[in-house]
Amino acid sequence: MATVTTPARATGGASETPDTPGWARWANEHRKWLFAAPAMIFVAALIVFPLAWTGYLSLTDAEGSVRAESEFVGFRNYLDVLSDTERFWPAVGRTATFTVVALLFEVVLGMAVALLLWRPFKGQKWVRVAILMPLVATPVAVGMMWRLIFDPNIGLANQVLGWVGIGPQPWLAGQHSALPTTIFIDVWQWTPMVVLILLAGLTSLSEEPQEAARIDGASTWQRFRHVTLPLLMPTVIVAILLRGIDALKTFDILYATKGRGGGSFHEVETLNVYAYGLSFDYNEYGVSSTVLIIFFLIIIGSMWALTARRKEAHR
């Protein structure tokens, strides 16, 4: 009677024999990390080296040229920057104001538009395309466009106000109106990004909780507050995380609309604009590196806080 033998199944995705070298077995078990290692090392090098070099410069009195001789001054730059109440702390306040206000409007408007686009209607595709148009242009081009629109002399905005009997406004030229105007420009361009994220989250929600709440007699607002919003909260946190970090780093729109120093009175000078001016206008590389390191720590802290909030929303 013939005996049928079946080959043993290979484990680990590849056949191994007792004669297989130990390093080969280890490589087979960790192959997913080995394949990704070159890309991970490359990305890490791109991040670690500039950060380490900036950290080193922040501990020196480098100025004029990064190749010029400099002395190690320790944390003196940090003490000088943190005690600067004329430029640094006002820049911190503008950065926080710009980020919080722009993010608040973008999330609220993004949620409203996403809810309107959630249910199908005639011409929905064309409406989505129109809403996403601001994302097509670069921030510099958007800044230059709105700079022309808000020009106090020939700008379209003041002409429209004149048609309804309202006098011309300074917009970007005003010391107190420049920051709100740049916030409006940022909201105009980046609200569609929040719409995309929230709309993706809405389309992934199950219809069963909505139907159950509708059968129980819940109103539209009650369904949104007690059903839709809690289920969508993880996606909202993602939108806040992505857009918030990006808003913190805003530079293009501010520089394109107000130029060096954030304006004559530094009215839109955020930390990014302040550090750029220290580096390229005054060549104070040690001080500018200090500002950038502090700014980096602020961004890391914001990311950590928002990530922790996202974990709580998942629970």
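Any value given below was found using the heavy atoms of this structure, including those in side chains, with hydrogens, waters and symmetry copies removed.
- Here the side chain of His30 pairs a donor or acceptor atom with the backbone of Trp26 at under 3.5 angstrom.
- By the 4.5 Å heavy-atom criterion applied to side chains, Ile294 and Ile298 are counted as neighbours.
- Look at Glu207 and Arg223 and you find no salt bridge, because none of the NZ, NE, NH1 or NH2 atoms lies under 4.0 Å from a carboxylate O.
- Contact of the Glu269 side chain with the Lys258 side chain is not registered, since no non-hydrogen atoms from C-beta on lie closer than 4.5 Å.
- Looking at heavy atoms from C-beta onward, Ile154 lies in side-chain contact with Asp151 at the 4.5 angstrom threshold.
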Test side chain to side chain donor-acceptor pair (under 3.5 Å) applied to Ser177 and Gln169, step by step: CA-CA 9 Å; Ser177 60; Gln169 303 297 317; over 6 Å; no
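- A tilted orientation is assigned to the rings of Tyr276 and Phe251, their planes being inclined by 30° to 60°.
- When side chains are defined from C-beta on, Pro168 does not count as touching Pro152, because their heavy atoms never get closer than 4.5 Å.
- When side chains are defined from C-beta on, Thr250 counts as touching Phe98, because their heavy atoms get closer than 4.5 Å.
- The shortest distance between side-chain heavy atoms of Asp84 and Tyr274 falls below 4.5 Å.
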Derivation of the side chain to side chain donor-acceptor pair (under 3.5 Å) call for Ser289 and Ser58: CA-CA 5 Å; Ser289 298; Ser58 70; over 6 Å; no
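- Other residues, nucleotides and ligands place more than 12 heavy atoms under 6.0 Å from the CZ atom of Phe121.
- With a 4.5 Å cut-off on side-chain heavy atoms, Leu229 and Met111 count as touching.
- Between Val194 and Trp190 the shortest side-chain heavy-atom distance does not fall below 4.5 Å.
- Between Ala114 and Leu199 the shortest heavy-atom distance is O-CD1, 3.6 Å.
- Within the 3.5 Å criterion, the main-chain N or O of Ala62 finds no donor-acceptor partner in the side chain of Glu71.
- Trp146 has its ring centre no less than 6.0 Å from the ring centre of Trp171.
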